[in-house]
Enquirer: 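The structure that follows is given in the form of structure tokens.
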Amino acid sequence: MVARALQFTFLLGLLAACSASPAAIISANNEAQSAVRELGIQSQIASRLYSLVHLAQYQAIEEGAEEAVQAAQAAYAGHAVLKQLFPWRFAKLDKALKPLIADLPEEQRTAAEKAGRDAAIEVLTTSLRDGFDRYVPFTPAANGSAPGAYQFTPNQTYSVYPQIAQTKPLVLSSVSEFKPAPPNAIGSPEYIADLAEVFVVGRKDSTNRTQDQTDIANFWADGNTTSAVSGHFNQLAQLLLSPNATVEEAAQLFAVLNAAQWDASIAAYTAKYANPSWRPITAITQGDGSEETAAYVDKDWRPLLNTPTHPEHPSGHSATAGASGAVLAEFFGADTPFEIGTEFPGLPARTYASIQEAVDDVNDSRVYGGVHFRHAVEEGAKLGASVAQAVLSEFDNKFKKSN
Ligand SMILES: *[C@@H]1O[C@H](CO)[C@@H](O)[C@H](O)[C@H]1NC(C)=O
Ligand SMILES: *[C@@H]1O[C@H](CO)[C@@H](O)[C@H](O)[C@H]1NC(C)=O
Ligand SMILES: *[C@@H]1O[C@H](CO)[C@@H](O)[C@H](O)[C@H]1NC(C)=O
Ligand SMILES: *[C@@H]1O[C@H](CO)[C@@H](O)[C@H](O)[C@H]1NC(C)=O
Ligand SMILES: *[C@@H]1O[C@H](CO)[C@@H](O)[C@H](O)[C@H]1NC(C)=O
Ligand SMILES: *[C@@H]1O[C@H](CO)[C@@H](O)[C@H](O)[C@H]1NC(C)=O
């Protein structure tokens with residue numbers, strides 16, 4: 001684990017003189033984030049799209065080629081995937097590509113285009129067979145049925161995206177060994193403690209939640225006009241990446257980051273749909289009928305944030321944060337301090353002394369937001385980190401070209 005981080009630093013020092021630039025990777029990342037914002041794409045689906053773009057870029061790069069050639073190979077690969085996924089954005093995508101290939105002689109440019117498009121076609125073709133397109137019917141428990149079972153929350157008419165649980169992971173051969181602990185049993189002391197916490201701190205009109213806690217919930221909400229919480233961690237990767245990183249280093253970082261997010265999401269959704277459990281709004285507005293929780297029943301209770309339209313346990317937000325945190329800690333060191341902004345209007349940047357502090361805030365944000373029990377965010381972040389460790393160790397074996 002340490003070896004990768006050291007090697008990374010070493011390479012940055014060595015190659016600074018060759019006018020290395022990660023521009024081709026950053027550009028594709030920004031274009032993907034823009035598309036996610038424009039379409040209000042949900043975080044897990046965004047991870048899938050980000051991972052396809054960046055895996056194609058990673059695979060397009062020919063090891064040992066000149067940096068300018070590698071940059072063009074990656075630029076063409078990103079452009080090809082993005083144009084297949086979001087064809088109506090062609091004018092923006094063409095405009096972003098143009099400066100990235102402008103300095104290359106025509107013959108090299110033609111070869112780079114072929115390498116980029118071939119990699120894009122391979123990645124997209126493989127993705128068509130992963131099962132993500134399948135129709136997987138899901139019917140939640142009826143309104144008012146047994147305590148603990150997932151039910152539609154107010155105004156919800158469908159549940160997203162049950163087929164993720166049956167989608168083939170991008171890097172791992174299976175997520176079957178990655179299982180969070182189940183939801184706490186209704187009536188157990190752990191359940192009651194979590195219920196009491198979200199009841200008080202997560203309600204829309206809470207007088208208990210501090211302004212800073214409200215800000216944390218909104219800061220990491222990353223709702224439908226943003227690049228999603230998966231995109232928020234891509235923004236963090238951009239912040240931490242040296243402007244002197246080589247295109248290869250940048251390609252590896254974004255490919256691994258987004259593959260880890262996506263495989264972690266598959267593990268999280270597999271658990272969500274294997275044991276669909278109720279959201280705080282259902283637990284609190286309906287109650288479980290016991291005396292111990294009677295104080296936490298309130299039919300008018302509403303959460304600060306909108307409740308996502310899928311089962312509660314484990315938290316998808318925290319799985320994404322845990323996976324991202326593990327990858328970023330691996331590349332940059334766990335104790336890297338940073339300051340990062342948010343797309344939520346009007347909130348200032350926040351400073352963090354370590355990557356784990358940001359993961360902790362994401363955990364807290366879902367409880368302060370009233371959409372998760374504490375147990376689900378802890379299990380989500382832990383699950384995301386374990387999947388990411390496996391992705392880090394398997395990624396090179398699966399995708400390394402001969403070198
Ligand atoms: C569940 O049923 C109750 C009582 O009939 C009703 O007030 C509530 O709106 C229903 N909830 C949902 C999510 O449909
Ligand atoms: C459900 O939708 C109705 C009509 O748009 C709205 O008045 C109500 O506030 C919504 N309920 C919740 C809990 O969001
Ligand atoms: C919020 O509620 C918790 C649990 O009831 C309590 O320990 C804490 O002191 C309260 N905080 C504020 C600021 O009211
Ligand atoms: C999108 O986000 C806005 C702002 O948070 C919210 O008002 C709106 O209801 C959301 N739309 C959907 C479809 O979730
Ligand atoms: C990038 O390289 C330039 C030129 O070698 C150097 O001055 C600068 O400090 C480097 N920046 C970082 C963040 O390493
Ligand atoms: C977030 O989850 C991780 C992994 O379980 C855990 O170590 C951490 O304490 C959690 N943070 C918070 C604030 O809940």
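Positions are given from 1, in the same order as the sequence printed here. Whatever order the structure lists ligands and atoms in, that order sets their numbers, starting from 1.
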Enquirer: Relative to ligand 6, is D364 under 4.0 angstrom through side chain, backbone, both or neither, heavy atoms considered?
Expert: side chain

Enquirer: If the cut-off is 4.0 Å to any non-hydrogen atom of K382, which atoms of ligand 6 fall inside it?
Expert: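 Near K382, the atoms of ligand 6 are 4 (C), 5 (O).
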
Enquirer: Under the rule for ring-ring contact (aromatic ring centres under 6.0 Å, His included), what residues qualify as partners of Y352, not counting sequence neighbours?
Expert: F338

Enquirer: Do any N/O atoms on Q356 end up under 3.5 angstrom from N/O atoms on ligand 6?
Expert: no

Enquirer: Quick one: which ligand 5 atoms are inside 4.0 Å of a heavy atom on N244?
Expert: 1 (C), 2 (O), 3 (C), 8 (C), 10 (C), 11 (N), 12 (C), 14 (O)

Enquirer: Would you tabulate the polar-atom pairs, meaning N/O of ligand 3 against N/O of the protein, with distances under 3.5 Å, reported to 0.1 Å?
Expert:
{"residue": "ligand 3", "atom": "2 (O)", "partner": "N208", "partner atom": "ND2", "Å": "2.1"}
{"residue": "ligand 3", "atom": "11 (N)", "partner": "N208", "partner atom": "ND2", "Å": "3.0"}
{"residue": "ligand 3", "atom": "14 (O)", "partner": "N208", "partner atom": "ND2", "Å": "3.2"}

Enquirer: Provide the full list of ring-ring contact (aromatic ring centres under 6.0 Å, His included) pairs with a residue in residues 205-257, sequence neighbours left out, each pair given once.
Expert: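 Non-adjacent pairs meeting ring-ring contact (aromatic ring centres under 6.0 Å, His included): H54-F254, F219-H232, W220-H232, W220-F233.
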
Enquirer: Would K114 and D118 pass as an ion pair if we require N to O under 4.0 Å?
Expert: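 Answer for the salt bridge query: yes.
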
Enquirer: Quick one: does V359 get a heavy atom under 4.0 Å from ligand 6?
Expert: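 Judged by the 4.0 Å heavy-atom criterion, V359 does not count as contacting ligand 6.
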
Enquirer: Given the rule in the salt bridge (Lys or Arg N to Asp or Glu O under 4.0 Å) test, do R302 and D205 qualify, once you have shown the distances and angles that lead to the verdict?
Expert: CA-CA 8 Å; R302 293 290 178 270; D205 54 0; over 6 Å; no

Enquirer: Would you say E379 touches ligand 6, if touching means a heavy atom closer than 4.0 Å?
Expert: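 No.
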
Enquirer: Just to verify, what does T320 make a side chain to side chain donor-acceptor pair (under 3.5 Å) with, not counting sequence neighbours?
Expert: none

Enquirer: Got more than 12 heavy atoms from elsewhere within 6.0 Å of NZ, K398?
Expert: yes

Enquirer: According to the interplanar angle, ranging from 0 to 90°, do the rings of F132 and W262 count as parallel (below 30°), tilted (30 to 60°) or perpendicular (above 60°)?
Expert: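 Ring orientation of F132 relative to W262: perpendicular.
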
Enquirer: For Y150 and F152, take the angle between the two ring planes, folded into 0 to 90°, and tell me which bin it lands in: parallel under 30, tilted 30 to 60, perpendicular over 60.
Expert: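 Perpendicular.
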
Enquirer: If you count every heavy atom of other residues, nucleotides or ligands that lies below 6.0 Å from R350 atom CZ, does the total exceed 12?
Expert: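 Count over threshold, so yes.
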
